[in-house]
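To start, the structure under review is shown below, and the notes come after it.
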Amino acid sequence: MSSETVMKWIEAGKSIATDPTIKVLCPVCQKTYLQVTDISNENNPSEIERQMLCNKCGAFNALRLTR
Ligand SMILES: [Zn+2]
């Protein structure tokens, strides 16, 4: 992954952490918006994992958030 792509993931993560409904282009292919899914952590209910997935190229990343 290029450092430019890493920076785009960081920017995408910041936006999506604030608002999961926000439309953020895939940092890898930039062809479609990331699909956001929240997964609760069974071991730690105060924490959620917010997953970001691109349906076009399969790029994936996840954030850990505290409720
Ligand atoms: Zn993509």
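Predicted model, so just to flag it, every value in this text is computed and none were measured. We're numbering straight along the sequence, starting at 1.
Note: the hydrophobic cluster containing F60 does not contain W9 (ILVMFWY, side chain heavy atoms under 4.5 Å, direct or indirect links). Note on L63: it clusters hydrophobically with V28, by side-chain heavy-atom contacts below 4.5 Å among ILVMFWY residues.
Residues R64 and N41 are in side-chain contact: their nearest non-hydrogen atoms beyond the backbone lie under 4.5 Å apart. Two residues are said to be in side-chain contact when any heavy atoms from C-beta on lie closer than 4.5 Å; L25 and Y33 meet this criterion. Put simply, the side chain of N55 does not reach to within 4.5 Å of the side chain of C26, judged on heavy atoms.
Here the CD1 atom belonging to I16 is positioned 12.0 Å from the CD atom belonging to Q51, to the nearest 0.5 angstrom. Distance check, rounded to the nearest 0.5 Å: CG of N44 to CZ of R67 gives 9.5 Å.
For the pair L65 and A17, the tightest heavy-atom approach, listed with the atom from each and the gap, is CD2-CB, 3.9 Å. Here the shortest heavy-atom pairing between I48 and S40 reads CG2-CA, 4.1 Å. In terms of heavy-atom proximity, T5 sits nearest to P27 at CG2-O, 4.0 Å.
Partner of M52 under the side-chain contact (heavy atoms from CB on, under 4.5 Å) criterion, chosen from T37, V24, L34: L34.
Using a cutoff of 4.0 Å between basic side-chain nitrogens and carboxylate oxygens, K14 and E11 are scored as salt-bridged.
Annotation: salt bridge (charged side-chain N to carboxylate O under 4.0 Å, His left out) contacts involving residues 15-39, sequence neighbours excluded, comprise D38-R50.
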